[in-house]
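A quick write-up on the structure given underneath.
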Amino acid sequence: MRATVDDRYNFHAVEKKWRQRWAEERLYETDVDRTKPKFYCLEMYPYPSGKLHMGHVRNYSIGDATARFHRMRGFNVLYPMGWDSFGLPAENAAIAHNTHPATWTYKNIDAMREQMQRLGLSYDWRREIACSHPGYYKWSQWLFLLLYKRGLAVRKKAPVNWCPRCATVLANEQVEEGRCWRCGTPVEKRELEQWFFRITAYADRLLKDLDLLEGWPERVRVMQRNWIGRSEGMELEFPIAGRDQKLTVFTTRHDTIYGATFMVLAPDHPLTLELARGTEQEQAVREFVERVTRLTVRDRAEAVDAKEGVFTGAYAINPVTGERIPIWTANYVLMDYGTGAIQAVPAHDERDFEFARQYGLPVRVVIQGEGVPADGDRLAEAYTGPGRMINSGPYDGMDSREAYRKMAEDFERRGIGRRTVNYRLRDWLISRQRYWGAPIPIVYCDRCGTVPVPEDQLPVLLPDDVRFTVGASPLATSESFVRTNCPRCGGPARRETDTMDTFVDSSWYYYRYTSPRDDKQPFDREKVFYWLPVDQYIGGVEHAVLHLLYSRFITKVLYDEGLVPSPEPFTRLLTQGMVIKDGAKMSKSKGNVVSPEDILEEYGADATRLFILFAAPPERDLEWSEHGIEGASRFVHRVWRLVAACAEPVRALVRGEGETAAAAPDGAVADAGARQDSAGAEPVPSRQGWGEAEEQLWREVHRAIYRVTTDISERMQFNTAIAALMELVNAIYAYRERVAPEQQRADLLAASLDRLLRMLAPFTPFLAEEAWEALGWREFRGSVHRQPWPEYDPAVLESGTVEIVVQVNGKVRDRLRVPSDTPEDRLRELALASPKVREWVNGKSVARVITVPGRLVNLVVR
RNA sequence: GCGGGCGUGGCGGAAUGGUAGACGCGCCAGACUUAGGAUCUGGUGGGUUCGUCCCGUGGGAGUUCGAAUCUCCCCGCCCGCACCA
């Protein structure tokens, strides 16, 4: 062993060494252990694009620090990683390079795994999963069959979003501002028959259980609440004049029905063209509908800044007034929401008002608020508040809120309508006309119809003999795949050729980690009931209404089936901020991308992780800074120099203690990695012969433990935790500056460095382990990553003196240094006796004295 | 328009009712050095009569002994949703 420790820190060599040794020692492997509380720490598994970007590095730095901290705190921690490895980019790359999507995908996975290992992330790699692996997607198909069995997977014809560039349909959640979430191409509406998961059947529970998610950011809960979009109202029926047919509308304002002076249908409503047929309006309606429905979703959304519509030529009968009112069609009514038809009440709805004024339609006031004219012609804007009912037959004179209740009852009794709840949430369209996904396990038989593939015939494997066509499902080009026999009657049948949305794969992967190689079941019940729910989930906010909603839905289905222990999958959620540079998100087009690869090469894993956790609190955006990472790197080297400088006396001490322990009868020595709990307790200094300098540093150590512990466990504020560690390092330096070398106490230095290194372990795992070994502890106590988290001693924390601020009328006038246990009345005495304070009190009377123990005294003077 | 968040030194940020600006970056000075963009030490909100006091957390008002923090109004920025009937 070297006699001295080199004060230059070679992170390349150190990181390489520990990566190997940790793997050999199987340091991060975890299994069910009922003697410890469990902690499931999870990051959103990545799409294997080829290399990590800074957002990944941030995500995993947060997660790894969290996992390591909880391990040291005595939790049995599940911390796995896997790959969201189905999806379009692989297929597009395969088309471009004429290879197989799997080739591209698995090469990328290898590259990214390597980068993760360089970062020193403490995953249990035995649990690695990839959703494109047949051993995984078999169970995604099983999940489909479970939903099918429960009536939650259905094939139906509906208006769906179609991305012409990706040549596939998309779920509603995957359309952002009318554009495809992946490629940005404006999507089109198409009427197609597709497979849906009936997430709407869970709308109410998904909404209600949001209240359980106290560990989620308010922002995400609000986004989900809005996305689900529950609204209570009535479906009302308006007979169509001259036909034996009724028009059903959804409204939240049935109390305004006496003011319904016309009706509006969505242009793509099935009755729009039918009602116009044979009327003098037919031609105009046909032209209007064709023009509006041809627009992409986005163009249509933009076009509605100007409301536009035409009269259909048909009339409806207002069921309460008996009036004949015209039926219009207009671009501001959407087929997607409610029934695709509305009762227009221009006096009390802003949109109807604007439309009525534009086309000269009558406006009738039926609710009179303060200052609202009774004459609709004189109304300047729609009135949407409450008021007194007028022009409303038997309800005249009532308060509108009372009428609202009364009318609902009356209308139901008279059969005019019924109370109902409407949601904005649509069923989840899971069919994709693409290759690189899990095939939908369904067979179509001429005789038996739609037949699910029996579970024992899973997985339905992806065929290799496909042509990567665009515009139709590639699976349809594989004869061997399509042609099959009906599982029910054995006759000739055809397979479903669509694959599942990759969000189906990611909606349940966190269960699979608990028994990733199980080939008999999707997950082991015992293990899932031990590990779940996820205690801390970490990822980007962009999945607020995608993955995070789908996962909650699938969890509820599994919960109803009795397969998982909780109705919610993620107890706490942290949505990390973006990593930005020069004020903008890193992107190739802006040319402001910083590659983690380069940074790791130049500064090493510890400095990279440290900077990213230190520069901002995790949920806030983080501005990448070259100077900032240099500061972090400087700190890493500064710690190392301190360790090197203290090595000689500390090692002598550690060796002496270690040998004493080893000499004891039960001090049998196994290999270093396995000795985590037994030999070698933390060094407790005697404090004999200590002076004020020693006591002061020891207090700093305990203060740091207190601050780091609470900052991480209560708030996940890694930035302030690291600041506290920097202060501790500064304090140790200050001690060594202040006390002559021969006077410095080795027991104090050893105890301080012991605490420091254990607290650094979650942030700079390589540095902490290397220093731990250099000081001799690894030999006797095992890896720093298997140590318990240090405890602070409140008695030490509160010993010594504190500075008390003396205020006069809230302004600081003096500071007193007093023993920290000084009682309040003594503080008051000292404050009043202060010469500086007396100048400010001078002649006036002290009306009140407020003391805050350990902090301040405030004299209220008049 | 509705909803969520934010506004503090030159910069990233600390302080969630009790000393505003911890910690880091940058900058200034000193020490060591053949030299250093290394390292160590000190300083660093503005003003000032400089061992002093005044001002200061987007602006204004309020609650309180005391407000960056709580309340109300206004301004600005970011994010999400948006003719949802």
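Within every chain, numbering begins at 1; the chains are lettered A, B, ... in the order of the sequence lines, protein sequences first and strands thereafter.
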Could you give the distance separating B/G7 and B/G21 at their C1' atoms, to the nearest angstrom? 16 Å
Using a 4.0 Å heavy-atom cut-off, does A/Glu308 contact any base of the nucleic acid, only the sugar-phosphate backbone, or nothing at all? nothing
Crowded around A/Tyr706 OH? As in, over 12 foreign heavy atoms under 6.0 Å? no
Using the C1' atom on both, measure B/C40 against B/G76 and round to a whole Å. 45 Å
Who pairs with A/Gln696 by side chain to side chain donor-acceptor pair (under 3.5 Å), at least two apart in sequence or on another chain? A/Arg738
I'd like to know if the side chain of A/Tyr383 and the backbone of A/Pro386 have a donor-acceptor N/O pair within less than 3.5 Å. yes
Counting side-chain heavy atoms from CB outward, which of B/G4, B/C65, B/A14 is closest to A/Asn858? B/C65
A/Arg291, CZ: over 12 other non-hydrogen atoms inside 6.0 angstrom: yes
Using a heavy-atom cut-off of 4.0 Å across all strands, would you classify A/Trp624 as base, sugar-phosphate, or nothing? nothing
Which nucleotide sits closest to the side chain of A/Leu856: B/C54, B/A15, B/G18? B/G18
Between B/C75 and B/U19, how far apart are the P atoms? Round to whole Å, please. 32 Å
Using a 4.0 Å heavy-atom cut-off across all strands, classify A/Arg620 as base, sugar-phosphate, or nothing. sugar-phosphate
Separation between the C1' atoms of B/G10 and B/G45, rounded to whole Å: 11 Å
Paired to B/G66 by Watson-Crick or G-U wobble criteria (both distances under 3.5 Å) is none
Indicate, with a heavy-atom threshold strictly under 4.0 Å, whether A/Pro217 touches base, sugar-phosphate, or nothing. nothing
Whichever of A/Ala616 and A/Lys811 has the more 5' nearest nucleotide on RNA chain B, that residue is A/Ala616
Counting any heavy atom closer than 4.0 Å, what does A/Val222 reach on the DNA or RNA strands: base, sugar-phosphate only, or nothing? sugar-phosphate
Any Lys/Arg nitrogen of A/Glu839 or A/Lys836 sitting under 4.0 Å from an Asp/Glu carboxylate oxygen of the other? no
Contact class for A/Asp352 vs. all strands (heavy atom < 4.0 Å): base, sugar-phosphate, or nothing? nothing
Which sits closer to the 5' end of RNA chain B, A/Asn422 or A/Trp227, going by the nucleotide each is nearest to? A/Trp227
What interatomic distance, in whole Å, is found between C1' of B/G60 and the corresponding atom of B/C11? 29 Å
Sub-3.5 Å donor-acceptor pair from the side chain of A/Arg641 to the main-chain atoms of A/Val636, do we have one? no
Give one of base, sugar-phosphate or nothing for A/Arg715, where a contact means two heavy atoms less than 4.0 Å apart. sugar-phosphate
Shorter than 3.5 Å, N or O on both sides, protein versus nucleotides 20-25 of chain B: list them out with atom names.
{"unit_1": "B/A22", "atom_1": "O2'", "unit_2": "A/Glu727", "atom_2": "OE2", "d": "3.2"}
{"unit_1": "B/G24", "atom_1": "OP1", "unit_2": "A/Asn730", "atom_2": "ND2", "d": "3.2"}
{"unit_1": "B/C25", "atom_1": "OP1", "unit_2": "A/Arg634", "atom_2": "NH1", "d": "2.8"}

Any strand is fair game: report the nucleotide pairing with B/C2 by Watson-Crick or G-U wobble, both distances under 3.5 Å, or none. B/G80
Can you figure out which of B/C40, B/A85, B/A14 approaches the side chain of A/Ile342 most closely? B/A85
Distance between C1' atoms of B/G59 and B/G26 (Å, rounded): 30 Å
Ignoring hydrogens and geometry beyond distance, is a side-chain donor-acceptor pair present between A/Arg609 and A/Ser61 at under 3.5 Å? no
Closest non-hydrogen atom pair, A/Tyr550 against A/Glu173: OH-OE1, 2.7 Å
Using a 4.0 Å heavy-atom cut-off across all strands, classify A/Val860 as base, sugar-phosphate, or nothing. sugar-phosphate
What's the closest nucleotide to the A/Arg855 side chain, out of B/G18, B/C53, B/A82? B/G18
Counting heavy atoms from C-beta on, name the nucleotide in B/A85, B/G13, B/C54 closest to the side chain of A/Tyr337. B/A85
Please state whether the rings of A/His254 and A/Phe411 are parallel, tilted or perpendicular, taking 30° and 60° as the class boundaries. perpendicular
Let's see if you can work this out: which of B/A85, B/G4, B/C40 has an atom nearest to the side-chain heavy atoms of A/Glu218? B/G4
Could you work out the separation of B/U41 and B/C50 based on their P atoms and round it to a whole Å? 32 Å
Expressed as a whole number of Å, how far does the C1' atom of B/U52 sit from that of B/U48? 8 Å
